[in-house]
Protein chains: 2
Amino acid sequence: MTTAPSASPDLSAVPDAELLRLDHQVCFSLHAASRAFGGYYRRALKDLGLTYSQYLVMLVLWEQGPQSVKALGERLHLDSGTLSPLLKRLEGAGLVRRERSREDERSVVVDLTGEGAGLRERALSIPRGVLAATGLSLEEVLGLQDILGRLTGALGEAVDDD
Amino acid sequence: MTTAPSASPDLSAVPDAELLRLDHQVCFSLHAASRAFGGYYRRALKDLGLTYSQYLVMLVLWEQGPQSVKALGERLHLDSGTLSPLLKRLEGAGLVRRERSREDERSVVVDLTGEGAGLRERALSIPRGVLAATGLSLEEVLGLQDILGRLTGALGEAVDDD
DNA sequence: CACAACTAAGTTGTGCACAACTCAATAGGG
DNA sequence: CCCTATTGAGTTGTGCACAACTTAGTTGTG
């Protein structure tokens, strides 16, 4: 396959105004897709009494068991300002326990209660529905994940070295 | 090139538990990418005094001129509950004007002030930096947009017919 | 014309995301 | 050993997203 000329234009030759329009399209489509996902989950998770973000936390706990708030935050890219109140709500709902670590009193370990662990059974049917609702093939989903992962990594680095 | 067998497995043969893991990665990677984007823009837009969402609204106004809150909401997939306070803040910052339409007193038309229109010049340099920070080629960006657009559409429909 | 149905904005309440901060516990260097 | 720097959670304040609701204005129908 030869290089398609129109598919890899010299970026520096594209005028600012054109890029502003493109930017509109890109950040908008990402933002919109993320919120559309949120909307789907909001309905799917209503029965379980979970929000989208709470579901993400539960997924980590179901997969990887008890861990500190810090570890959860690293996996989910969230800080304590977001996690602390969220975990409090999960605790209030009886799904998790929070306990100060004995080895390091600064650390709080989050663990599933029996009810929290049991909720996993009811969550098992959700992903198939989501996958169907996306209308994407498995290949497309995997390709999407790959690009999104690289995007997140690159943007994170760009922010780090300010 | 022949079809790669592992790339299109029979989805119904994949166990629920496996999908719960995959699912984690899909919704999570989108969520994470969206927030990483937001983080980049937060810094890039600090000088302009805009948030990410305010920037999206300004992009629409720069491109398409004065329009009702409803029209803005349709373009951005946002409702008045989100837009009303956001527009109030933009008005407070002196970037937009809000005026009741004379033809239809229910409707409020949002228009750029001179200052708001002028801000576009300072925004012109942003997209090039973002594009560079993503580390993606223009083809990948366009492909991403395409998939995200279909995703949003499909999820929206899935939610509509509940 | 009257009045019921609908529509456009705005308000209220809940939850998430994140910056900036506090506080207590720990680790490390002199 | 002390004491300074760092770390882990949590709190506070701001803004976004959205459901549910209110209010005012418009449309359509009998």
Side-chain angles (χ1 to χ4, degrees), chain A residues 27-28 30-43 45-46 49-57 67-74 76-93 96 98-110 152 156 159 162, chain B residues 27-28 31-43 45-46 49-57 67-74 76-93 98-110 152 156 159 162:
Chain A
C27 53
F28 171 70
L30 192 58
H31 201 55
S34 179
R35 279 161 36 232
F37 241 96
Y40 183 91
Y41 276 100
R42 192 168 302 117
R43 280 170 176 75
L45 294 169
K46 207 170 186 178
L50 292 176
T51 66
Y52 185 41
S53 297
Q54 289 166 5
Y55 173 68
L56 292 177
V57 168
Q67 55 200 284
S68 68
V69 173
K70 177 182 168 57
L72 270 175
E74 275 165 2
L76 295 170
H77 300 185
L78 291 172
D79 66 7
S80 68
T82 299
L83 282 174
S84 287
L86 188 157
L87 291 169
K88 239 184 194 172
R89 281 186 284 271
L90 285 179
E91 189 178 42
V96 307
R98 290 185 305 156
E99 234 175 293
R100 285 272 156 199
S101 162
R102 238 82 63 208
E103 301 105 60
D104 185 342
E105 291 272 338
R106 290 171 303 183
S107 178
V108 167
V109 174
V110 181
T152 304
V159 163
D162 255 324
Chain B
C27 59
F28 172 67
H31 200 57
S34 178
R35 280 165 31 235
F37 233 67
Y40 183 92
Y41 276 99
R42 191 167 303 117
R43 280 169 177 76
L45 293 170
K46 207 169 185 182
L50 293 176
T51 65
Y52 186 42
S53 297
Q54 287 167 7
Y55 174 66
L56 292 177
V57 169
Q67 55 200 285
S68 68
V69 172
K70 177 182 169 55
L72 269 174
E74 275 166 1
L76 296 168
H77 299 187
L78 291 172
D79 66 7
S80 68
T82 300
L83 282 173
S84 287
L86 189 157
L87 291 169
K88 240 183 192 171
R89 282 186 283 271
L90 285 179
E91 189 178 41
R98 291 185 304 156
E99 235 174 295
R100 286 272 156 199
S101 163
R102 238 81 65 209
E103 300 107 59
D104 185 342
E105 290 274 336
R106 290 172 303 183
S107 177
V108 167
V109 173
V110 181
T152 304
V159 164
D162 254 324

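Only a predicted model underlies this, so the values are computations on that prediction, with no experimental measurement involved.
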Using only side-chain N and O atoms of A:K88, determine if any of them is under 4.0 Å from OP1 or OP2 of D:dA9.
->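 For D:dA9, OP1/OP2 do not have a side-chain N/O of A:K88 under 4.0 Å.
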Does B:R98 put a side-chain nitrogen or oxygen below 4.0 Å from OP1 or OP2 of C:dG10?
-> yes
For atom [atom1] of [X] and atom [atom2] of [N], their distance in whole Å:
{"X": "A:L83", "N": "C:dA17", "atom1": "CG", "atom2": "C1'", "result": "10 Å"}
{"X": "B:D79", "N": "D:dA19", "atom1": "CG", "atom2": "C1'", "result": "8 Å"}
{"X": "B:R100", "N": "D:dT26", "atom1": "CZ", "atom2": "C1'", "result": "13 Å"}
{"X": "A:L76", "N": "D:dA9", "atom1": "CG", "atom2": "P", "result": "13 Å"}
{"X": "A:D104", "N": "C:dG28", "atom1": "CG", "atom2": "P", "result": "12 Å"}
{"X": "B:Y52", "N": "C:dC18", "atom1": "OH", "atom2": "P", "result": "12 Å"}
{"X": "A:L78", "N": "D:dA9", "atom1": "CG", "atom2": "C1'", "result": "14 Å"}
{"X": "B:R106", "N": "C:dT7", "atom1": "CZ", "atom2": "C1'", "result": "5 Å"}

From the set [options], return the single nucleotide nearest to any side-chain atom of [X].
{"X": "B:R35", "options": "D:dG10, D:dG15, C:dC18", "value": "C:dC18"}
{"X": "A:Q54", "options": "C:dG15, C:dA9, C:dA19", "value": "C:dG15"}
{"X": "A:K70", "options": "C:dA20, D:dA9, C:dT11", "value": "D:dA9"}
{"X": "B:S107", "options": "C:dT26, C:dA8, C:dA17", "value": "C:dA8"}
{"X": "B:S68", "options": "D:dC18, C:dA9, C:dA25", "value": "C:dA9"}
{"X": "A:S53", "options": "D:dG15, C:dA17, C:dG10", "value": "C:dA17"}
{"X": "A:V108", "options": "D:dA9, C:dA9, D:dT11", "value": "D:dA9"}
{"X": "A:E105", "options": "C:dT26, D:dG10, D:dT11", "value": "C:dT26"}
{"X": "A:R43", "options": "C:dA8, D:dA19, C:dT11", "value": "D:dA19"}
{"X": "B:H31", "options": "C:dA17, C:dA9, D:dA9", "value": "C:dA17"}

Mapping A:P85 and A:K46 onto DNA chain D by nearest heavy atom, which one lands closer to the 5' end?
->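 Looking at DNA chain D, the more 5' nearest nucleotide goes with A:P85.
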Of B:R102 and B:L86, the one whose closest DNA chain D nucleotide lies more 5' = B:L86
Determine, stepwise, if the pair A:Y40 / B:C27 fulfils side chain to side chain contact (heavy atoms under 4.5 Å, CB included).
-> CA-CA 11 Å; A:Y40 183 91; B:C27 59; over 6 Å; no
In Watson-Crick or G-U wobble terms, with both distances under 3.5 Å, the base opposite D:dG30 is C:dC1
Check A:L45, A:L86, A:V96 against A:Q54 for a side-chain contact (heavy atoms from CB on, under 4.5 Å) and give me the one that passes.
-> A:L86
Test side-chain contact (heavy atoms from CB on, under 4.5 Å), reference B:H31, set A:L56, A:L78, A:T152, output is A:L56
Side chain of B:S68, backbone of B:A71: donor and acceptor closer than 3.5 Å?
-> yes
Using a cut-off of 4.0 Å on non-hydrogen atoms, how would the nucleic acid contact of [X] be classed: base, sugar-phosphate, or nothing?
{"X": "A:S84", "value": "base"}
{"X": "B:E103", "value": "sugar-phosphate"}
{"X": "A:S80", "value": "base"}
{"X": "A:T82", "value": "base"}

Check the pair B:L87 / B:L72 against side chain to side chain contact (heavy atoms under 4.5 Å, CB included), numbers first and verdict last.
-> CA-CA 11 Å; B:L87 291 169; B:L72 269 174; 4.2 Å; yes
SB check A:R100 A:E105 (cutoff 4.0 Å) |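 Answer for the salt bridge query: no.
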Side chain to side chain, B:Y41 and B:L50, heavy atoms closer than 4.5 Å |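 Not touching, per the 4.5 Å side-chain cut-off.
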